[in-house]
Amino acid sequence: MKPASGGVHNLRAPSIIQIKERISLKERHTFGLPATARFFCEIENESSLLALLKSPTFRDNEHVFLGEGSNSLFMRDYPGIVVCLRNKGVRILSENDEAVCLRVSAGENWHEFVQYTLTHGYFGLENLSLIPGSVGAAPVQNIGAYGVEVNDFITHVEAIDVESAEVRTFKNKECGFSYRDSCFKSSLKNRYVITAVFFRLLKQPHLVLGYAGLREGLDSRGINNPTALDVSALVCEVRRTKLPDPKETGNAGSFFKHPTITESHYLKLKEIFPDIKSFELDHGRYKIPAGWLIERCGFKGRSIGPVGIYKKQALVLVNNGVASGVDVERAIVKITEKVKSKFDIILSVEPVLI
Ligand SMILES: Cc1cc2nc3c(=O)[nH]c(=O)nc-3n(C[C@H](O)[C@H](O)[C@H](O)COP(=O)(O)OP(=O)(O)OC[C@H]3O[C@@H](n4cnc5c(N)ncnc54)[C@H](O)[C@@H]3O)c2cc1C
């Protein structure tokens with residue numbers, strides 16, 4: 001990844017738009033469902049995006065934005081236009097002894113960006129290594145892993161209003177960030193297209209090691225004084241052993257969000273299931289790992305038609321190769337109904353179903 005030459009909105013780049021018709025989406029989302037887009041357009045720069053937003057094909061059809069498709073499932077043929085962001089560039093905006101501020105174009109690959117930051121001595125994103133997808137999608141569901149959420153490092157999100165074609169900068173507080181959510185995934189879904197994300201990263205590492213055995217993993221490798229690169233390498237190693245590689249097995253990572261329940265509900269469940277896994281939150285609520293609930297329902301390693309429940313992690317659904325959107329819907333219903341009847345907990349789906 002090279003630092004970018006592009007200006008803030010890169011409007012001087014030529015606006016070339018090529019709208020294709022009847023394009024297969026199977027290879028364009030990691031779950032790999034068979035679906036077709038009526039129209040499909042890849043966007044290389046912001047001026048092309050503005051031209052597209054004004055085009056009749058865009059204005060007369062419904063639309064959806066796509067990065068690398070690792071958190072989107074095309075459940076059926078899409079009757080409108082799928083717009084794929086491929087704009088590139090990383091720019092240093094300011095820097096001092098403490099921190100660096102960067103503007104990163106939406107179409108950059110997330111993991112490559114994380115590796116770029118670490119090799120340049122910019123810290124904070126190490127625990128988010130190897131999360132698939134694009135930089136532009138990172139704020140959409142406020143990606144998180146190993147005790148870190150991306151919103152802790154985002155200062156602004158630059159986006160274009162698809163109705164007025166005006167550029168708007170959302171300050172961190174205006175993005176409505178919460179657990180696997182933001183206004184871009186909820187109230188403003190598909191209204192704004194994110195063109196760039198602004199980060200403030202640290203020059204001195206503040207490693208977050210208290211989660212999911214990171215400290216133990218480093219100790220067992222004899223690393224007593226870890227660097228951010230050590231943490232990143234460990235996170236990558238653990239992820240590679242625990243999660244299916246989307247290049248080999250269709251999946252979208254965690255398929256359900258971890259539900260939160262009240263204290264009285266938790267205490268009731270604890271009586272029946274003394275080994276229940278939980279994290280105590282503020283305000284007397286408890287977060288229950290969705291994978292544990294699914295596993296305790298006996299689904300782990302099993303298949304519901306051509307949709308599998310991953311053998312190493314029940315939270316991940318996999319495409320056994322020939323699954324359709326209908327098969328995925330059937331699996332969702334079967335799993336959520338069983339979890340509801342056993343634990344009185346309603347699971348909600350994490351990826352975006354289109
Ligand atoms: C194996 C695997 C592991 C994963 N692990 C994690 C994890 O640890 N933590 C985690 O949080 N997620 C995880 N995910 C989910 C996924 O990687 C993230 O949500 C990622 O940010 C999605 O990026 P993408 O570019 O593929 O998004 P896409 O699937 O292309 O899009 C996701 C959503 O964002 C919207 N969107 C995309 N780009 C834009 C844009 N430029 N402007 C406006 N809206 C946009 C889309 O419309 C869609 O609603 C995992 C997925 C897989 C397959």
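Just follow the structure's listing: the first ligand is 1, and inside any ligand the first atom is 1. Every heavy atom of this structure was used, including side-chain atoms; hydrogens, water molecules and symmetry mates were not.
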Specify the protein heavy atom at minimum distance from atom 21 (O) of ligand 1: its residue, its atom name, and the distance to 0.1 Å. Ile143 CG2, 3.2 Å

Minimum-distance protein heavy atom relative to atom 7 (C) of ligand 1: Gly144 O, 3.6 Å

What protein heavy atom lies closest to atom 41 (N) of ligand 1? Include the residue and the distance to one decimal. Ile194 O, 2.9 Å

Gly133, any N or O under 3.5 Å of ligand 1 N or O: no

Evaluate Ser254 for polar contact with ligand 1, using N/O atom pairs at a separation under 3.5 Å. no

Atom pairs and distances, donor-acceptor, side-chain atoms in residues 325-332, under 3.5 Å, two or more places apart:
unit_1, atom_1, unit_2, atom_2, d
Asp327, OD2, Ser324, N, 2.9
Asp327, OD2, Ser324, OG, 3.1
Glu329, OE2, Arg76, NH2, 3.0

To check your reading of the model: name the closest protein heavy atom to atom 44 (N) of ligand 1, its residue, and the distance in Å. Val140 CG2, 3.9 Å

How far is atom 1 (C) of ligand 1 from the closest protein heavy atom, and which atom is that? Asn251 OD1, 3.4 Å

Return a yes/no value for Ala106: is any of its N or O atoms, backbone included, closer than 3.5 angstrom to an N or O of ligand 1? no

Between the side chains of Glu42 and Arg28, is the shortest nitrogen-to-carboxylate-oxygen separation below 4.0 Å, so that they form an ion pair? yes

Arg180 heavy atom under 4.0 Å from ligand 1: yes

Is there any N or O on Asn190 that sits under 3.5 Å from an N or O of ligand 1? no

Could you label the plane-to-plane angle of the Phe273 and Phe343 rings as parallel, tilted or perpendicular, counting under 30° as parallel and over 60° as perpendicular? tilted

Give yes or no for whether the N/O distance cutoff of 3.5 Å, strictly under, is met between Ser70 and ligand 1. yes

Under the side chain to side chain contact (heavy atoms under 4.5 Å, CB included) test against Arg200, which residue among Thr155, Leu102, Ile154 passes? Thr155

Short N/O distance, under 3.5 Å, between Pro132 and ligand 1? yes

Ignoring hydrogens and angles, tell me if any N or O in the side chain of Lys340 forms a donor-acceptor pair with the backbone of Asp344 under 3.5 Å. no

How does Lys189 reach ligand 1, by side chain, by backbone, by both or by neither, if only non-hydrogen atoms under 4.0 Å count? neither

Taking both backbone and side-chain atoms of Gly136, is any N or O found less than 3.5 Å from an N or O belonging to ligand 1? no

Do any N or O atoms from the side chain of Ser72 and from the backbone of Gly69 form a donor-acceptor pair under 3.5 angstrom? no

Tell me: protein heavy atom nearest atom 13 (C) of ligand 1, and distance? Ile131 CG2, 3.8 Å

Under 4.0 Å from ligand 1, counting heavy atoms only, is it the side chain of Asn71, its backbone, both or neither? both

Separation of Leu229 CG from Thr119 OG1 (nearest 0.5 Å): 7.5 Å

Does Phe184 reach ligand 1, in the sense of a heavy atom lying below 4.0 Å from it? no

What part of Val352 sits under 4.0 Å from ligand 1 if we count only heavy atoms: the side chain, the backbone, both or neither? side chain

Please determine whether a side-chain nitrogen of the Lys or Arg among Arg221 and Asp230 lies less than 4.0 Å from a carboxylate oxygen of the Asp or Glu. no

Audit row: Tyr78, Phe40, ring-ring contact (aromatic ring centres under 6.0 Å, His included) steps and yes/no: CA-CA 10 Å; Tyr78 189 69; Phe40 183 86; over 10 Å; no

Are any of the side-chain nitrogens in Arg86 or Glu44 under 4.0 Å away from the carboxylate oxygens of its partner? no

What part of Tyr192 sits under 4.0 Å from ligand 1 if we count only heavy atoms: the side chain, the backbone, both or neither? backbone

Lys287 to Tyr179, cation-pi by 6.0 Å centre distance and 45° axis angle: yes

Counting only heavy atoms, which portion of Gln141 has something under 4.0 Å from ligand 1: side chain, backbone, both, or neither? side chain

Taking NZ, NE, NH1 and NH2 as the nitrogens, is one of them in Glu95 or Lys203 under 4.0 Å from a carboxylate oxygen of the other? yes

Output side-chain donor-acceptor pairs under 3.5 Å for residues 276-283, partner residues at least two apart or in another chain, one line each.
unit_1, atom_1, unit_2, atom_2, d
Ser278, OG, Tyr266, OH, 3.3

Within-cut-off N or O pair, Asn142 and ligand 1, under 3.5 Å: no

State whether Arg38 and Glu21 are salt-bridged, where the test is any N-O pair (Lys NZ or Arg NE/NH1/NH2 against Asp/Glu carboxylate O) under 4.0 Å. yes

Starting from atom 32 (C) of ligand 1, what is the nearest protein heavy atom, named by residue and atom, and what distance separates them? Ser72 OG, 3.6 Å

Nitrogen or oxygen of Ala252 less than 3.5 angstrom from that of ligand 1: no

Does ligand 1 have an atom under 4.0 Å from some heavy atom of His29? no

